[in-house]
Amino acid sequence: MSDTTNQSNDSQAQKGPIIPKSPNEALRPERVPEPPRRSRKARGQVVLFLNFIMTLAVLVCVVAVIGFYYATSTYRNPGPLQTNTNFIVRNGAGLAEIASNLERNAIISDARIFRYLTATHLSAGESLKAGEYEIKAKASMSDIMELLKSGKSILYSVSFPEGLTVRQMFDRMLQDTVLEGDLPAALPTEGSLRPDTYKFSRGTKRAEIIDQMAAAQQKLVDQIWDKRDSSLPLRSKEEFVTLASIVEKETGVPDERAHVASVFLNRLGKGMRLQSDPTIIYGLFGGEGKPADRPIYQSDLKRDTPYNTYVIKGLPPTPIANPGKDALEAVANPWKTQDIYFVADGTGGHVFAATLEEHNANVKRWRKLEADKGSDPNIAVDGQPEEQPADNGATVVPPKKKKIN
């Protein structure tokens with residue numbers, strides 16, 4: 001017991017006297033000893049490295065913000081182009097090529113900005129479309145991107161009047177310098193292409209236009225054929241188009257087409273020859289067409305060709321041109337007449353007759369008009385043969401003329 005008491009007294013003596021503390025002082029946390037400090041040298045290297053990293057990060061952020069602001073401002077601000085110009089995007093061109101060509105043509109100021117910012121504006125599957133575009137002066141990169149993305153390129157047109165042959169349509173397409181590509185080696189069937197005006201952008205292939213024409217004509221023929229007069233003496237759409245091509249070539253007067261169609265249909269119904277001048281021309285010259293300075297002679301009316309309706313009975317084997325909508329509708333729903341003859345009236349139209357006597361009088365007036373003009377007497381007058389059989393077997397014999405073989 002005494003040993004323990006002695007040890008406790010010794011311990012207190014070593015610690016020093018006990019100093020009484022106030023309640024507040026007793027509740028204060030005791031101070032924790034500081035960890036051992038690094039050397040000044042080690043502490044300086046770490047701080048410098050961290051300061052460098054932070055400074056670099058801040059600098060990069062500042063540069064990035066400035067660069068982004070500059071790029072977006074440049075992308076949306078007016079561009080360097082001084083006047084409107086046309087710009088072509090070829091088929092298959094990528095964004096990098098388009099951007100480079102825009103910069104090369106001084107349409108934009110920086111190809112990289114256009115390339116990368118445009119890429120952010122294109123969603124999956126979107127692209128800049130091929131074609132020829134009109135870029136307005138001072139257009140921004142953003143404006144140019146929207147235009148090329150829309151595909152609203154410059155449109156050109158090629159027109160094919162009614163009554164052209166397939167060969168004449170092909171020749172017209174070859175003369176168009178904006179269209180590209182070769183024509184088919186084999187000509188489509190005569191009468192299978194729709195006469196119309198077709199719009200296209202630069203880079204369009206000629207074959208694409210031909211496909212459009214063929215599809216449009218097929219659709220048109222089907223629609224009109226389905227609404228035809230059920231009493232027509234025509235057995236097929238092919239015969240329908242063939243007769244429409246003859247009507248197309250016989251008259252350019254819109255109001256006459258249905259009347260001319262009724263004459264030919266009446267003749268077919270009576271078993272008479274059609275006696276149409278355009279069929280003579282097609283039999284002699286084919287799809288190339290008659291030279292402008294080449295008249296039809298009396299001897300031509302007797303030329304034995306598959307298309308000469310002064311020689312053959314019924315319709316020729318194929319159409320002789322590509323008929324338009326009006327000629328097709330005229331044949332599908334012709335006038336109801338008894339007329340089986342017609343001849344030119346001297347004013348660009350025709351005069352019609354139901355009897356041979358009326359027709360002979362009309363022919364006589366027409367011959368006098370031609371004689372007053374000093375026409376060559378060896379030229380067939382409006383395709384009238386020297387001897388014209390009537391439906392009753394009678395024959396009309398106009399004044400004799402010297403023939404040219």
Side-chain angles (χ1 to χ4, degrees), residues 42-159 176-181 197-209 211-212 215:
R43 188 170 63 251
Q45 290 177 344
V46 171
V47 170
L48 288 175
F49 177 74
L50 292 176
N51 286 342
F52 171 75
I53 293 299
M54 292 185 66
T55 303
L56 183 61
V58 171
L59 183 61
V60 168
C61 291
V62 170
V63 170
V65 169
I66 294 174
F68 179 76
Y69 177 78
Y70 171 77
T72 53
S73 297
T74 303
Y75 195 74
R76 298 187 180 281
N77 287 342
L81 189 62
Q82 297 301 312
T83 59
N84 294 359
T85 189
N86 291 355
F87 178 74
I88 298 173
V89 178
R90 70 172 186 84
N91 283 320
L95 187 53
E97 178 184 333
I98 295 171
S100 177
N101 288 339
L102 285 168
E103 183 179 21
R104 186 180 300 114
N105 287 277
I107 298 173
I108 62 174
S109 57
D110 194 311
R112 290 171 298 177
I113 291 177
F114 181 85
R115 177 183 177 183
Y116 294 121
L117 289 190
T118 295
T120 66
H121 287 80
L122 298 176
S123 58
E126 277 191 319
S127 63
L128 303 185
K129 297 176 177 60
E132 183 178 10
Y133 299 87
E134 182 183 19
I135 309 296
K136 301 295 185 181
K138 299 296 182 180
S140 68
M141 295 186 191
S142 178
D143 294 334
I144 296 170
M145 178 274 296
E146 291 291 350
L147 177 63
L148 303 189
K149 187 172 72 170
S150 72
K152 295 178 180 178
S153 58
I154 296 173
L155 292 180
Y156 296 86
S157 63
V158 57
S159 297
D176 194 296
T177 57
V178 180
L179 285 170
E180 298 179 0
T197 296
Y198 295 87
K199 293 187 178 297
F200 60 92
S201 58
R202 186 178 291 276
T204 299
K205 305 298 183 184
R206 292 181 173 88
E208 295 176 34
I209 300 295
D211 290 342
Q212 290 182 43

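Judged purely by atom type and a 3.5 angstrom limit, Ser73 has no side-chain atom pairing as donor or acceptor with the backbone of Tyr70. When atom types are taken as modelled, the side chain of Lys129 and the backbone of Lys149 share a donor-acceptor pair closer than 3.5 angstrom.
To the nearest 0.5 Å, the span separating CG on Leu122 from CG on Leu95 amounts to 6.5 Å. How far CD1 of Ile154 is from CZ of Phe87: 12.0 Å, rounded to the nearest 0.5 Å. Atom CD1 of Ile113 sits about 9.5 Å away from atom CD of Glu103, to the nearest 0.5 Å. Taken from CG in Asn77 to CE in Met141, the straight-line distance is 9.5 Å, to the nearest 0.5 Å. One finds the NE2 atom of His121 at 7.5 Å from the CD atom of Glu146 (value rounded to the nearest 0.5 Å). Once rounded to the nearest 0.5 Å, the distance linking OG of Ser150 with CG of Leu148 reads 7.5 Å.
Residues that satisfy the side chain to side chain contact (heavy atoms under 4.5 Å, CB included) test with Val65, not counting sequence neighbours, are absent from this structure. For Asp176, the side chain to side chain contact (heavy atoms under 4.5 Å, CB included) test picks out Val158, Val178, Leu179, Phe200, with sequence neighbours left out. Residues meeting the salt bridge (charged side-chain N to carboxylate O under 4.0 Å, His left out) test with Lys136, sequence neighbours left out: Glu134. Not counting sequence neighbours, the partners of Leu81 by the side chain to side chain contact (heavy atoms under 4.5 Å, CB included) test are Thr85, Ile107, Ile135. Partners of Tyr156 according to the side-chain hydrogen bond (donor to acceptor under 3.5 Å, both in side chains) rule, which considers only residues two or more places apart in sequence or in another chain, are Glu132, Arg202.
Residue Ala137 comes nearest to Gln82 through the heavy atom pair CB-O, 3.4 Å, listed as atom of the first residue, atom of the second, then distance. The two residues Ser157 and Thr197 have their closest heavy-atom pair at CB-CG2, 3.8 Å.
Note on residues 91-102: pairs passing side chain to side chain donor-acceptor pair (under 3.5 Å), not counting sequence neighbours, are Arg90-Glu97, Ser100-Arg104, Asn101-Arg104.
A 6.0 Å sphere centred on NZ of Lys138 holds more than 12 heavy atoms belonging to other residues, nucleotides or ligands.
Put simply, the side chain of Met145 reaches to within 4.5 Å of the side chain of Tyr75, judged on heavy atoms.
Checked against Ile144 for a side-chain contact (heavy atoms from CB on, under 4.5 Å), the options Ile98, Ile108, Leu128 give a single hit: Ile108.
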